[in-house]
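A short write-up of the structure that comes next.
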Amino acid sequence: MIKHHPSNELLVQFSEGNLPATLSVAVAIHVEMCPVCQKQLATLEAKNANTAFEDVVNDDDICFDQLMFDNITSDESIDEVYDQPAIKVEVKGKEYTLPRALTRIGHSSFMQIGKLARSRIALDDGALRASLLHIDAGGEIPDHTHTGFELTLLLDGEFSDEDGSYVPGDFMMLDGRHNHTPKTTEGCLCFTVVSSALHFNKGISKLLNPIGNLIY
Amino acid sequence: MVSQQLQTGCKPKTGQFTAMPETPSKELANSLFAVATSRDKRAFAFLFQYFSPKIKRFGIKQFGSEAQAMELVQETLTSVWRKAHLYHPEKGAATTWVYTVMRNASFDMLRKMKSSKEECISEDIWPLIDEAEPGQHEFSDHLEDKQIKQYLDRLPQAQREVVRGVYFQDMSQEQLAEHLNIPVGTVKSRLRLALQKLRNEMGEQHD
């Protein structure tokens with residue numbers, strides 16, 4: 001069962017369309033996997049609608065824009081929208097189906113260092129970078145902290161860290177105060193959003209700068 | 001030609017405080033349905049009139065600019081006109097659906113301003129179509145759905161709107177009769193004709 005959800009604040013911002021694109025995609029993927037947050041989102045949207053469309057007396061001051069009305073209705077065709085076929089990716093011989101939110105947003109091919117492989121999500125979002133991160137069976141990410149934040153959303157497989165173990169759909173937002181060492185027995189695929197380069201803490205790991213660059 | 005708008009001109013401000021009018025939920029939902037099934041401009045005029053000032057107000061808060069607020073009004077109402085068939089009354093209020101359409105348009109506009117990219121990803125984040133119930137539909141069903149929609153487009157409009165209402169929007173024949181303001185018997189006979197015609201077009205394998 002999913003135990004880790006986006007904070008209420010994050011979900012509110014998401015429902016209002018105010019989160020940056022990479023984080024919006026992350027929350028969308030979680031919501032797709034999590035019935036609890038689906039319900040909460042529907043409630044928030046209904047609430048937002050009431051606030052946004054509240055009647056005010058001044059509304060009557062605004063004239064009916066006939067020109068805009070004619071522009072819109074001059075074309076009677078409709079926009080058909082269809083489900084996109086699911087996209088599969090293969091990493092280290094394992095096949096994964098990507099979440100619906102990622103079916104039309106592009107991603108690069110996977111770059112590998114040891115048991116880690118990363119594919120960059122094609123979203124231009126300022127200092128935020130989103131990636132698909134694959135950790136092969138028996139792999140781990142060396143102990144690290146970060147100056148900004150790191151969001152990890154488990155898509156498939158399992159991993160655990162000092163705080164416990166995680167299942168697909170679990171949404172973990174960590175900031176500079178945390179260090180952690182995620183490990184996986186079976187291997188896993190994650191969606192990550194990172195706001196600045198990672199900092200490795202321990203001896204030999206300090207030599208692992210390339211990994212810092214890989215997973216940022 | 002009869003004007004499409006329901007009220008002409010601007011109402012003078014009376015300066016009186018009146019009780020907040022109730023949201024005309026049923027009229028809004030009915031109007032979306034009429035726009036979806038019969039491209040009803042009068043119904044759209046009602047939605048247009050109701051939502052324009054509210055979207056504009058939201059846009060000014062969001063963008064701090066009247067020009068951009070008007071762009072949001074245009075973007076949102078164009079989507080309402082073109083995507084009304086994606087609204088399902090059983091999933092929530094019409095106002096909530098229009099809000100999500102507006103929120104999506106606003107998100108794409110903000111992103112365009114920030115990254116000067118034309119890509120619109122709001123519908124990847126907040127899809128306007130229902131996701132398939134897991135495990136209930138195979139992908140072939142979606143293809144079939146798409147095909148049925150193509151056949152539907154070949155039906156006369158009166159028949160198409162009853163098929164859409166009953167099969168795509170899950171309304172009862174009685175509800176539909178009320179929406180379309182026709183007797184239930186007419187709904188039944190139009191549905192029968194439409195189904196016969198669809199069956200002829202689609203061939204025997206769909207028995």
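Quick caveat, the model's predicted, so the values are computed rather than measured. A, B, ... follow the sequence lines: proteins, then strands. Residue 1 opens every chain. Computed over heavy atoms, backbone and side chain alike; hydrogens, waters and symmetry mates excluded.
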* Structure fact -> Cut-off 4.5 Å, heavy atoms of chain A, and the answer for B/Met102 is side chain
* Is the backbone of A/Ser15 close enough, under 3.5 Å, to the side chain of B/Arg103 for a donor and an acceptor to pair up by distance? -> yes
* Asked: Would the number of heavy atoms belonging to other residues, nucleotides or ligands and lying under 6.0 Å from NZ of A/Lys115 be above 12?
  -> yes
* Structure fact -> Distance col, row B/Thr78:OG1 vs A/Asp79:CG, nearest 0.5 angstrom, shows 9.5 Å
* Asked: Hey, what's the ring geometry for B/Phe48 with A/Phe64, parallel, tilted or perpendicular (30° and 60° as the breaks)?
  -> tilted
* Spatial distance of atom CG (A/Asn48) from atom OG1 (B/Thr95) [nearest 0.5 Å] -> 11.0 Å
* For B/Ser106, is it the side chain, the backbone, both, or neither that has a heavy atom closer than 4.5 Å to a heavy atom of chain A? -> neither
* Side chain, backbone, both or neither of A/Asn18 within contact of chain B (heavy atoms, under 4.5 Å) -> side chain
* Ion pair A/Arg104/B/Glu123, N-O distance below 4.0 Å -> no
* Should A/Asp75 and B/Arg82 count as an ion pair when the cut-off is N to O under 4.0 Å? -> yes
* Asked: Looking at B/Phe58 versus A/Phe53, is the centre-to-centre ring distance below 6.0 Å?
  -> no
* To do: Using non-hydrogen atoms and a 4.5 Å limit, figure out which bit of A/Ser77 sits close to chain B: side chain, backbone, both or neither.
  => both
* Supply the atom-to-atom distance A/Leu67 CG to B/Gln74 CD, rounded to the nearest 0.5 angstrom. => 8.5 Å
* Asked: By a 4.5 Å heavy-atom criterion (distance strictly below it), what part of B/Leu77 contacts chain A: side chain, backbone, both, or neither?
  -> both
* For B/Trp97, is it the side chain, the backbone, both or neither that has a heavy atom under 4.5 Å from a heavy atom of chain A? -> neither
* Structure fact -> So, the part of A/Leu102 with a heavy atom under 4.5 Å from chain B: the answer is neither
* Asked: Quick one: which of B/Trp81, B/Phe44, B/Phe51 gives a ring-ring contact (aromatic ring centres under 6.0 Å, His included) with A/Phe69?
  -> B/Phe44
* **Exercise: identify the closest heavy-atom pair between A/Gly17 and B/Trp126** => CA-CH2, 3.7 Å
* Asked: With chain A, which of B/Met70, B/Lys83, B/Lys61 has the greatest number of heavy-atom pairs at distances under 4.5 Å?
  -> B/Lys83
* Asked: Hey, does the side chain of B/Arg111 reach the backbone of A/Asp125 with a donor-acceptor pair shorter than 3.5 angstrom?
  -> no
* What part of B/Val98 is in contact with chain A, defined as an atom under 4.5 angstrom from a non-hydrogen atom: side chain, backbone, both or neither? -> both
* Asked: Within a radius of less than 6.0 Å around NZ of A/Lys47, do more than 12 heavy atoms belonging to other residues, nucleotides or ligands occur?
  -> no
